[in-house]
Participant: 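The structure's right below; bear with me while I get my questions together.
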Amino acid sequence: MAGILFEDMFDIKDKDRDGKKFEKVSRIFGNSENYEMELILDVNSDIYPLEINNKVYFTLASTTNTDGTPEEGYFDQSGKQSLMDQFEYVMFGRVFKITEEKGQSQKVSIFASFGGLLMMLKGDPRHLHGIDLDARIYLLMRRV
């Protein structure tokens, strides 16, 4: 589908590993099923609680328009179909850092902030090639 930068299924392996820092935020740790990716993600646990052993379908997209056209800079309240209709939890944010591991592993880590909720996605650069520094992205999730 146009506009999709990355998608995979993640198994939640751990939650709040270093203790809960904020009352309504949980930090989840997950591993992907298909691409051997690692995910660390802050989630608003008040509106979208996740537990260890939950499985989520995770997507990063550049737009929520189903035809892949860029966003117009404001929220469209017309009720037209959107990629968001297929998901339970959606956040909008920006990629603020990309790091590459040198050596044999050749992994890349993508860091993004969604209004202060942070994400780190780490894995093979072949699966993250469409994500650039300072890109505005949507994170979309649903339980499986």
Participant: Scan for side-chain hydrogen bond (donor to acceptor under 3.5 Å, both in side chains) pairs involving residues 108-119, sequence neighbours excluded, and state none if there are none.
Facilitator: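 Every candidate side-chain hydrogen bond (donor to acceptor under 3.5 Å, both in side chains) pair involving residues 108-119 fails, so no pair, neighbours aside, qualifies.
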Participant: Are Phe96 and Leu118 packed together at the side-chain level, in the sense that at least one heavy-atom pair is separated by less than 4.5 angstrom?
Facilitator: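 They are in contact (side-chain heavy atoms under 4.5 Å apart), so the answer is yes.
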Participant: For a 4.5 angstrom cut-off between non-hydrogen side-chain atoms, does Met141 reach Leu50?
Facilitator: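 Side-chain contact under 4.5 Å: yes.
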Participant: Measuring from Leu121:CG to Leu60:CG, what's the distance to the nearest 0.5 Å?
Facilitator: 6.0 Å
Participant: Between Ile40 and Lys122, is there a side-chain heavy-atom distance shorter than 4.5 Å?
Facilitator: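 No. Closest side-chain heavy atoms not under 4.5 Å.
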Participant: Above 12 or not: heavy atoms from other molecules or residues under 6.0 Å from CD of Glu33?
Facilitator: yes
Participant: How about CG on Asp46, more than 12 heavy atoms from neighbouring residues, nucleotides or ligands closer than 6.0 Å, or not?
Facilitator: yes
Participant: In Å, rounded to the nearest 0.5 Å, how long is the span from CD1 of Ile52 to CG of Asp14?
Facilitator: 5.0 Å
Participant: Below 4.5 Å, heavy atoms only, C-beta onward: do Glu36 and His127 meet side chain to side chain?
Facilitator: no
Participant: Where the side chain of Asp134 meets the backbone of Arg94, is there a donor-acceptor pair that is under 3.5 Å apart?
Facilitator: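 Looks like no, no N/O pair under 3.5 Å.
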Participant: In Å and rounded to the nearest 0.5 Å, what is the CD1 to NZ distance from Ile28 to Lys15?
Facilitator: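 Spacing of CD1 (Ile28) from NZ (Lys15) equals 9.5 Å.
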Participant: Mind checking the NZ-OG spacing from Lys20 to Ser45? Nearest 0.5 Å is all I need.
Facilitator: 3.5 Å
Participant: ring-ring contact (aromatic ring centres under 6.0 Å, His included) with Tyr138: which of Phe6, Phe92, Phe58?
Facilitator: Phe92
Participant: How long is the span from the OG1 atom in Thr66 to the CE atom in Met84, to the nearest 0.5 Å?
Facilitator: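 Interatomic distance, Thr66 OG1 to Met84 CE, rounded to 0.5 Å: 11.0 Å.
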Participant: I want to check something: taking the side chain as every heavy atom from C-beta on, are Val108 and Ile98 in contact at a cut-off of under 4.5 Å?
Facilitator: yes
Participant: If we ignore hydrogens and angles and just use 3.5 Å, is the side chain of Thr63 paired with the main-chain N or O of Gly68 as donor and acceptor?
Facilitator: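 Looks like no, no N/O pair under 3.5 Å.
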Participant: Here's one to test your reading of the geometry: is the NZ or CZ of Arg143 within 45 degrees of the ring axis of Tyr89 and under 6.0 Å from its centre?
Facilitator: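 That pair does not qualify as a cation-pi contact.
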Participant: Between Leu83 and Ile4, is any pair of side-chain heavy atoms under 4.5 Å apart?
Facilitator: yes
Participant: Can any side-chain N or O of Asp8 pair as donor or acceptor with the backbone N or O of Tyr35 at less than 3.5 Å?
Facilitator: yes
Participant: Within the structure provided, determine whether Glu38 and Lys107 are in side-chain contact (heavy-atom separation under 4.5 Å).
Facilitator: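 SC-SC contact between Glu38 and Lys107 confirmed.
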Participant: Using a strict 4.0 Å threshold on nitrogen-to-oxygen distance, state whether Asp16 and Arg27 make a salt bridge.
Facilitator: no
Participant: Is there side-chain contact between Asn65 and Lys80, with heavy atoms separated by less than 4.5 Å?
Facilitator: yes
Participant: Return the CG to CG distance between Leu139 and Leu117, rounded to the nearest 0.5 Å.
Facilitator: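 Taking CG in Leu139 and CG in Leu117, the distance rounds to 10.0 Å.
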